[in-house]
Number of protein chains: 2
Amino acid sequence: MNKKDQSEKINAYKDKFKDYKLTPQRKRILGIFLENEDAHLSAEEVFKLIQDKKEDIGLATVYRTLDLLDELGVLHKLNFGDGRSRFELNKSEKSHHHHHLICVKCHKIIEVKDDLLQKLEATIEDEHSFEILDHRVKFYGYCPECND
Amino acid sequence: MNKKDQSEKINAYKDKFKDYKLTPQRKRILGIFLENEDAHLSAEEVFKLIQDKKEDIGLATVYRTLDLLDELGVLHKLNFGDGRSRFELNKSEKSHHHHHLICVKCHKIIEVKDDLLQKLEATIEDEHSFEILDHRVKFYGYCPECND
DNA sequence: GTTGTTGCAAAACGTTTGCAGTAAA
DNA sequence: TTTACTGCAAACGTTTTGCAACAAC
């Protein structure tokens, strides 16, 4: 993706920021996720990716921005049990219906698309009068490479 | 549950500890979970429950024991995004097939029994050659009380 | 008796906060 | 020009660690 394309993509998020300022730091952090579409990045990792390019954004700003982007629904905050929060780009249509396979040996993370959960959600909404907004599904096990 | 019943229950876990010593501290911490079967306790909460009874176990020991019990499969380590790990008793047959509903308003946690996920698991094992050992499923939304 | 376990205090870790300076709208 | 945002450093809360004393096997 070239700079122009990315700039256009970032501008497409402008309406999401209606109550907030779209500062260079916020654009840059969003840019990191556009450059790493399928990554699950921690705050520290985002910070380092920016430093690698000889740019400079305070770590506190990274934390604050990631929380904001999660709140705006631009990112999804995830927890894989490694002691830090991770974030992934929220690709709207897709995001409600994908899950993570986590290899307990090599810790690889594999994404799975799925719609089967909708039936389960319908049952839960019915039986528990619980209005479901979102879900997080993680499967732990052995990936093909670790299962020989 | 009286003391004799609990003592018997704890002894039933003896074989799980074959490579480890079943110390009074470990028995006591396991006891806390037997006394609070459906709770999702953090290390700090376990520590306080023990202090409340004028007993004394170091906080570091609580942390080390909870990790050990998770590793032994006696407990399940959970993360509800509140900044600390929580643990629940692993009631073997039941545990693989229950999920958590988390109210985004009052933060109540509701347990749901379910078997519908098995179909999804079978599909994943098939399509991704990923051998599933366990899963964690969380649904976020509004509980009946918060949804008026 | 040996080896694993405990308790303490200190340190480490990810994350949050107060505040003064700065910049987006 | 106003109000929100940033960067820094210090503080925070949870979890981990080093180590000497101790106890389960």
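All chains are named by letter (A, B, ...) in the order of the sequence lines, taking the proteins before the strands, and each is independently numbered beginning at 1.
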Remember a base hit wins even if backbone is also touched, and classify S85(A) as base, sugar-phosphate or nothing at under 4.0 Å, heavy atoms.
-> sugar-phosphate
Would D38(A) and K91(A) pass as an ion pair if we require N to O under 4.0 Å?
-> yes
dT15(D) P sits how many Å from R84(B) CZ, rounded?
-> 8 Å
Is R26(A) near enough to dT6(D) that one of its side-chain N or O atoms lies under 4.0 angstrom from OP1 or OP2?
-> yes
In whole angstrom, give the distance that lies between atom CZ of F17(B) and atom C1' of dG4(C).
-> 14 Å
From CG of D15(B) across to P of dC25(D) the rounded distance in Å is 14 Å
Passing candidate, ring-ring contact (aromatic ring centres under 6.0 Å, His included) with H100(B), options Y140(B), F139(B), F80(B) | F80(B)
Ion pair present between K77(B) and E71(B), side-chain N to carboxylate O less than 4.0 angstrom?
-> no
Using a cut-off of 4.0 Å on non-hydrogen atoms, how would the nucleic acid contact of D67(B) be classed: base, sugar-phosphate, or nothing?
-> sugar-phosphate
Heavy-atom nearest nucleotide on DNA chain D taken for L59(B) and for D19(A); more 5' hit belongs to D19(A)
Can a donor-acceptor pair under 3.5 Å be found between the side-chain atoms of R64(A) and the base atoms of dG7(D)?
-> yes
Rounded to the Å, how far apart are D82(A) CG and dT15(C) C1'?
-> 14 Å
Would you confirm whether R136(A), through its side chain, and L78(A), through its main-chain N or O, come within 3.5 Å as a donor-acceptor pair?
-> no
Closest to the A60(B) side chain, choosing from dT15(C), dG7(D), dT17(D) = dT17(D)
The answer to which of L68(A) and K21(B) contacts DNA chain D further toward the 5' end, by nearest nucleotide, is L68(A)
Quick note, T23(B) side chain, CB onward, closest among dT17(D), dA24(D), dT15(C) is dA24(D)
Among V62(B), V74(B), L75(B), the one residue meeting side chain to side chain contact (heavy atoms under 4.5 Å, CB included) with I29(B) = V62(B)
Value in whole Å for how far the P atom of dC8(C) lies from CD of Q51(B) | 10 Å
Nearest-neighbour nucleotide for the L22(B) side chain, dT6(C), dC25(D), dC5(D) considered = dC25(D)
Between atom NZ in K77(A) and atom C1' in dG14(C), what is the gap in whole Å?
-> 11 Å
Of the listed dT3(D), dC25(D), dA24(D), the closest approach to the P24(B) side chain comes from dA24(D)
Between dG14(C) atom P and K48(A) atom NZ, what is the distance in whole Å?
-> 8 Å
Would you say a side-chain N or O of Q25(A) is under 4.0 Å from OP1 or OP2 of dA24(C)?
-> no
Nearest listed nucleotide, side chain of Y63(A), among dG7(C), dT5(C), dT15(C) | dT15(C)
Return the value, rounded to whole Å, for the distance between atom CG of L66(A) and atom C1' of dT6(D).
-> 15 Å
